[in-house]
Protein chains: 2
Amino acid sequence: MFNKETEYALRGLVYIDLQNMGGRRPGTLEIAREIEAPPFYIAKILQRLVRAGFLRSLKGKGGGFFFDPDKPDVPIINLISSIEGDRSFSGCSFGLKQCDSDNPCPLHGKYAPIREAINKLITEETVQSLAEKVYKNEFHLNEFLK
Amino acid sequence: MFNKETEYALRGLVYIDLQNMGGRRPGTLEIAREIEAPPFYIAKILQRLVRAGFLRSLKGKGGGFFFDPDKPDVPIINLISSIEGDRSFSGCSFGLKQCDSDNPCPLHGKYAPIREAINKLITEETVQSLAEKVYKNEFHLNEFLK
DNA sequence: TTATTAAAAGACAAAAAGGTCTTTTGGTAA
DNA sequence: TTACCAAAAGACCTTTTTGTCTTTTAATAA
Ligand code: FES
Ligand code: FES
């Protein structure tokens, strides 16, 4: 579905938001351990996401990553677009230059509604809405974490 | 959705089946031109698919690629699995080790039905069913081809 | 103000995906 | 049986993805 970087980013940001709820600002090592991602890699990924404005960070003792409470929730489609580019979930499943319902490929009829469902999903869900689900114990971040 | 190799394979095999209907056995250069794929690359891809038993080929003058009329239709899920491996459309969208509805990630609820729809689609459609749609002029292989 | 802490920056590297090309093999047709 | 044709085989290359590591910068706390 998503590439590794996107997966790590999703799990990482949800974990960060979850910890922020408890007034904590997790650092790269803790995040890497909890979401089971390569430490240096998640550090690099978060660095880029901070630069892109998705969240903030603080250096030094007590430092770490956190979301600005004044900023609006982050729809995961924004995250995905920022990492994978806009190509995701817009193109033709057959690889035609563009998906055109007036000139459809033989998969279009059945694929287009699925693609729409994916777009709806990633537009509606935000990092915060996902974190909320985990917080309510309804859903899981990994096999250990509740 | 799919990777490049899968896209080329899908378009290539549908084109081959379409030509077979007219008693022709297209070769790599013709296929590459018609489906707009890199010639040497589609040659390599088809070579692998022949070896994997998806279709047959003949060398020399009048040679080319063709489907054995006695063999059953090829569901595209087989093609996709052969190229991309089984990981596609079975794993967790969040990257958890396994998708487990008793222990779901926060995307599971909305993603699982979508994944099911994808699996249904690629299980039901075959190279031949797709070629048939193109043949009936209902759907397109590329922007030039009818 | 100094030691310590943790992120930022950026170089580096391994692996996978995507693509190219040459040589060999096995067919066809004259 | 010779010339030719087209796929098979496999080496090679480029780009992208994924991942690692060292050095620098900025914040905190003693
Ligand atoms: S034309 Fe291929 S998915 Fe729309
Ligand atoms: S647990 Fe993540 S999609 Fe099922």
Side-chain angles (χ1 to χ4, degrees), chain A residues 1-13 15-16 19-20 24-68 80 82-85 87-88 95, chain B residues 1-13 15-16 19-20 24-68 80 82-85 87-88 95:
Chain A
M1 178 74 166
F2 305 119
N3 65 26
K4 289 284 180 194
E5 186 174 341
T6 304
E7 286 180 2
Y8 294 150
L10 277 171
R11 297 215 299 278
L13 295 201
Y15 178 78
I16 291 166
Q19 294 304 313
N20 289 174
R24 300 188 61 255
R25 284 192 292 259
T28 54
L29 293 182
E30 173 185 340
I31 296 167
R33 179 176 13 95
E34 294 301 322
I35 69 169
E36 302 181 83
F40 286 117
Y41 197 24
I42 191 71
K44 165 120 311 179
I45 292 168
L46 290 174
Q47 190 188 126
R48 285 194 278 245
L49 293 177
V50 167
R51 210 166 355 180
F54 286 103
L55 76 170
R56 295 174 58 192
S57 67
L58 266 182
K59 293 179 182 180
K61 210 159 202 166
F65 295 88
F66 62 101
F67 287 91
D68 188 333
I80 297 165
S82 171
I83 294 173
E84 306 192 357
R87 53 166 184 70
S88 346
Chain B
M1 179 69 164
F2 304 118
N3 64 26
K4 289 284 180 192
E5 187 174 340
T6 304
E7 285 180 2
Y8 294 151
L10 277 172
R11 297 214 299 278
L13 295 200
Y15 178 78
I16 291 167
Q19 294 303 311
N20 289 174
R24 300 189 61 258
R25 286 193 292 258
T28 55
L29 292 181
E30 173 185 340
I31 296 167
R33 180 177 9 96
E34 294 301 322
I35 70 169
E36 302 181 81
F40 286 117
Y41 198 23
I42 191 72
K44 164 122 310 177
I45 293 168
L46 290 174
Q47 188 187 128
R48 285 195 278 245
L49 293 177
V50 167
R51 209 163 0 179
F54 286 104
L55 76 169
R56 295 173 58 192
S57 67
L58 266 182
K59 292 178 180 178
K61 210 157 202 168
F65 296 87
F66 63 100
F67 286 92
D68 188 332
I80 296 164
S82 170
I83 294 173
E84 305 192 357
R87 53 163 185 71
S88 348

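Sequence lines set the chain letters: A, B, ... in the order given, protein chains first and strands last, and positions in each chain run from 1.
At least one donor-acceptor pair closer than 3.5 Å links the side chain of N20(B) to the backbone N or O of R24(B). Looking only at distances, a side-chain donor or acceptor of R25(A) sits under 3.5 Å from a matching main-chain atom of G62(A). Checking side-chain atoms of E84(A) against main-chain N and O of F2(A) turns up no donor-acceptor pair under 3.5 Å.
Each of P26(B) and P38(A) was matched to the nucleotide of DNA chain D holding its nearest heavy atom; the match closer to the 5' end belongs to P26(B).
Here Y41(B) contributes atom OH and L46(B) contributes atom CG; the two are 11.5 Å apart, rounded to the nearest 0.5 Å. Between the CZ atom in R51(A) and the OG atom in S82(A) there is a gap of 11.0 Å [rounded to 0.5 Å]. Atom CD of E5(B) and atom CD1 of I80(B) lie 12.0 Å apart (nearest 0.5 Å). Distance check: Q19(B) CD to Y15(B) OH gives 3.5 Å after rounding to the nearest 0.5 Å. Taking CZ of R11(B) as the reference point, atom CD1 of I16(B) lies at 13.0 Å (rounded to 0.5 Å).
E30(B) places its CD atom 11 Å from the P atom of dA6(D), with the value rounded to the nearest Å. The CD atom of E84(A) sits 11 Å away from the C1' atom of dT17(D) (whole-angstrom rounding). Regarding N3(B), its CG atom lies at a distance of 20 Å from the P atom of dA15(C), rounded to whole Å. Atom CD1 in I83(A) sits roughly 12 Å away from atom P in dT17(D) (whole-Å rounding). Rounding to whole angstrom units, CD1 of residue I16(B) and C1' of dA7(D) are separated by 12 Å. The interatomic distance linking K4(A) (NZ) with dT20(D) (P) rounds to 12 Å, in whole Å. Nucleotide dT20(C) holds its P atom 14 Å from the CD atom of E5(B), rounded to whole Å.
For S57(A), a side-chain nitrogen or oxygen approaches OP1 or OP2 of dA8(C) to under 4.0 Å.
Taking all atoms of both residues into account, the shortest heavy-atom contact from I31(A) to F65(A) is CD1-CD1, 4.0 Å.
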In the 5'-to-3' direction, what one-character label does each nucleotide of nucleotides 23-30 of chain D receive under the scheme B = base within less than 4.0 Å of a protein heavy atom, S = sugar-phosphate only, - = no such atom?
--BBBSS-
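Near DNA chain D, meaning a heavy atom under 4.0 Å from it, residues 39-51 of chain B has K44(B), Q47(B), V50(B), R51(B) in order of number.
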